[in-house]
**Q** 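To start, I am sharing the structure in question, which I have written as structure tokens.
Quick note on labels: first sequence line is chain A, next is B, and so on, each numbered from 1.
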Amino acid sequence: MRIVVAYQWACDPQEALVSSDGKIDFSRAKPTISDYDAVAIEMGCHLAEATGAELIGISAGGEAVATAIATKAALARGLHEVFVVSDPGLDSAGTLATAVTLKAAIDNLGDVGLLLTGDSSLDSGSKTLVAVLAGLLGWPCVTDVMKVTMDGDSLTIERTIPEGIQGLHLHGPVLVGVTSDAVKAKVPGMKDVLSAGKKPARVVSLLDLGVRLPGEGEILSVEKMAGPSRQQIRINTEDPAQAAAELVSALRAAGALDA
Amino acid sequence: MFGLTDEQELIRSSVREFSEAEVAPLAAEIDRDHRPPLETIPKLAELGLLGILIPEQYGGTEMDSVSYCVVIEELSRCCATTGVMVEAHSSLCTWPIVHFGTEEHKQRYLPDLASGVKMGAFGLTEPGAGSDAGALATTARRDGDEFVLNGQKVFITGGGYSEVFIVFARSTEAPGTKGISAFIVDRDTPGFTIGEGERKLGIRGSSTPPLMFSDVRIPATNLLGREGQGFEIAMATLDGGRTGIAAQAVGIAQGAFEAAIDYAQQRVQFGKPLAALQAIQWMIADMATSIDAGRLLVYQAADLEDRGIPHGIAAAQAKLFCGEMASAVAGKAIQIHGGNGYTEAYPVERAYRDAKITEIYEGTSEIQRLVIGRSFLR
Ligand SMILES: Cc1cc2nc3c(=O)[nH]c(=O)nc-3n(C[C@H](O)[C@H](O)[C@H](O)COP(=O)(O)OP(=O)(O)OC[C@H]3O[C@@H](n4cnc5c(N)ncnc54)[C@H](O)[C@@H]3O)c2cc1C
């Protein structure tokens, strides 16, 4: 049986520069494995070690996702191999196109008992992919997962819900969205980095998989919404209690807090 | 050479992630308390950073010199003390054992040095022999199948916690540098004592004590290389070490540069951020350009070493340029911070103090100039 982790290779928004006119400049931000997905990969490593399952990473994107540095970065995190769908058509793919592509990748791999992924997308912050992908696969989808134990195709899962922590038992295949603090993603060690290039990395195109991307509409324009104007509130005191009091009264005066 | 390989880029991002999470949070505290960050040693070992120059068969990660420089640069960007801790251990202790040691030396010492069970240090400098290392006076007298060491070393990086010392001493009557031999000395050898660490201007967390040898008996098999080869071993070791120190200087400068950029964008004077002032932009431009120039000199020296081409002059040039560059860049970073930069509340003050040592140890800037100048005038 295979454990698969879907990961995203994208620019880290924390490294992007926001100019004073609100434009976001990604030119100095280096692409990386999404922090969210790094957690999912780490959880996959623990499960693969405990069960002896194969651990395969899948990713879909434009040319960048198939570069050697992208596949090595994923493999250095402990995946046994990666299967990457790379196509210019996926460069700015939306949720549905990405989900259709990842489904084709899962079908192509076969024998998948568990699909893990981070619970959010790095660049858009969207949380919709897991639900759409599970729908296409016809699999149960469990999000906000903190813990998974596996015994064959039988899974015990702990997830956070508004009331607290929910324990679940179900049979695979299942799609699991992992919370960002479920486990601590290990920093890849030097040996992991140096051996990454020796592990298998398969790169295929949409044509190879026989996938036709669904239409997702055409973006005509993007207009910036003006945010609230700055209130120019200045607090100039060394005393924390005084500063808090001044802040509260300024927020009340601005109508941001109830009087 | 203009680009790093994928592996070198990934090494950079791993070490950066590690340094920001594990090294940076301790940097100000160990500086204030003048204490080595010993709790970081097992973490460095786990990541594979203590066996960088050690072959895999002895438990090392056997990385190339360019990767090694990337590691030292990234550690030093967050904490110059941690940078030199790894640098002295790797360049000055593990490297000479790998290159001049016997199979028995390698099997006995390298696995523990790679796994961080033991740290290593290098004892060349003496009270009367600094730049003029060939004037060292420590003696090693042969007595049967032992050598007996007497003398004193000063300023030994890592001396406070290291277990394995490469020590240079005079073992024959041959004059000048020809009489010098290198030895491996274990910390617990009777007669070997380690003094108090110096309190220093910068890299305050780095332990820099004197070593005292009083009738220290070591087995003759602890001779590293041949008798009389010591000075050659010291100079070859320092060629690699100098590239490492140059990388440390680049890291210190990079850290100060990034702090200056952050500050310039946040601090508002005359109604706009400092970054909007051309005077500040020019400083940023000069800093960025000199850091890049230094980094290229480091990678050039390391790349020559990786390709087995003589790299002593390139290493001297990298160390000379980067040492002076780091001091200048850290000075500009303070200037951009104004009065705040002069206080301990901002990291550029520490960077300025840390940068200065890169102009002094493993050969002062004057000695690098001497080496470079002579090479052109022979
Ligand atoms: C923090 C720290 C860590 C150190 N770590 C180690 C270590 O791990 N192992 C080790 O063996 N040593 C170590 N050292 C010693 C260091 O390498 C020496 O301090 C350095 O080589 C300079 O020697 P010196 O201090 O005796 O200065 P000196 O040699 O006395 O030099 C004083 C000044 O004279 C100049 N000068 C000397 N000779 C010449 C010349 N021929 N031409 C022009 N100018 C000259 C120098 O450049 C310098 O400006 C360390 C030192 C420090 C401060």
**Q** Looking at B:Glu7 and A:Lys191, is there a salt bridge between them, counting it only when a charged N and a carboxylate O are closer than 4.0 Å?
**A**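 Looking at A:Lys191 and B:Glu7, the cut-off is not met.
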
**Q** Could you state the interatomic distance from NZ (A:Lys30) to CZ (B:Arg12), rounded to the nearest 0.5 Å?
**A**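 The distance works out to 6.0 Å.
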
**Q** Looking at B:Gln57, I want to see if its CD is surrounded by more than 12 non-hydrogen atoms of other residues, nucleotides or ligands under 6.0 Å.
**A**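 Yes, enclosed.
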
**Q** Quick check: are there more than 12 heavy atoms from other residues, nucleotides or ligands sitting under 6.0 Å from CG of A:Asp239?
**A**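 Enclosed.
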
**Q** Hey, is NZ on B:Lys106 packed in by over 12 heavy atoms from elsewhere, all under 6.0 Å?
**A**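 Correct, the count exceeds 12.
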
**Q** State whether the number of non-hydrogen atoms from other residues, nucleotides or ligands found under 6.0 Å of B:Glu344 atom CD is greater than 12.
**A**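 Counting other residues, nucleotides and ligands, CD of B:Glu344 stays at 12 neighbours or fewer.
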
**Q** Nearest 0.5 Å, please: how far is CG in B:Asp64 from CG in A:Leu194?
**A**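 These two atoms lie 8.5 Å from each other.
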
**Q** Can you confirm whether more than 12 heavy atoms, excluding those of B:Glu46, are under 6.0 Å from its CD atom?
**A**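 No.
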
**Q** Please rank A:Ala196, A:Gly189, A:Gly197 by heavy-atom pairs under 4.5 Å with chain B and give me the top one.
**A**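 Result: the option with the highest number of such pairs is A:Gly189.
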
**Q** NZ of A:Lys186 to CD of B:Glu17: how many Å apart, nearest 0.5 Å?
**A**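 That separation rounds to 12.0 Å.
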
**Q** Could you measure the distance from the OG atom of B:Ser67 to the CE atom of A:Met190? Nearest 0.5 Å is fine.
**A**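 With rounding to 0.5 Å, OG (B:Ser67) is 9.0 Å from CE (A:Met190).
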
**Q** Give, as side chain, backbone, both or neither, the part of B:Glu22 having an atom under 4.5 angstrom from any heavy atom of chain A.
**A**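 Looking at B:Glu22, just its side chain touches chain A.
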
**Q** Can you name the closest pair of heavy atoms from A:Pro188 and B:Leu47 and give their distance?
**A**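 Nearest pair, atom of A:Pro188 first, then B:Leu47: O-CD1, 3.9 Å.
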
**Q** Take B:Ser14 and A:Val193 through the side chain to side chain contact (heavy atoms under 4.5 Å, CB included) test and state the conclusion after the steps.
**A** CA-CA 9 Å; B:Ser14 269; A:Val193 170; 4.0 Å; yes

**Q** Using 0.5 Å steps for rounding, measure from the CG atom of B:Leu4 to the CD1 atom of A:Ile69.
**A**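 Output value for this atom pair is 9.0 Å.
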
**Q** Around atom CD of B:Glu29, are there more than 12 heavy atoms of other residues, nucleotides or ligands at under 6.0 Å?
**A**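 More than 12 heavy atoms, drawn from other residues, nucleotides or ligands, come within 6.0 Å of this atom.
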
**Q** Please state whether the side chain, the backbone, both or neither of A:Ala68 comes within less than 4.5 Å of a heavy atom of chain B.
**A**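 Both backbone and side chain.
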
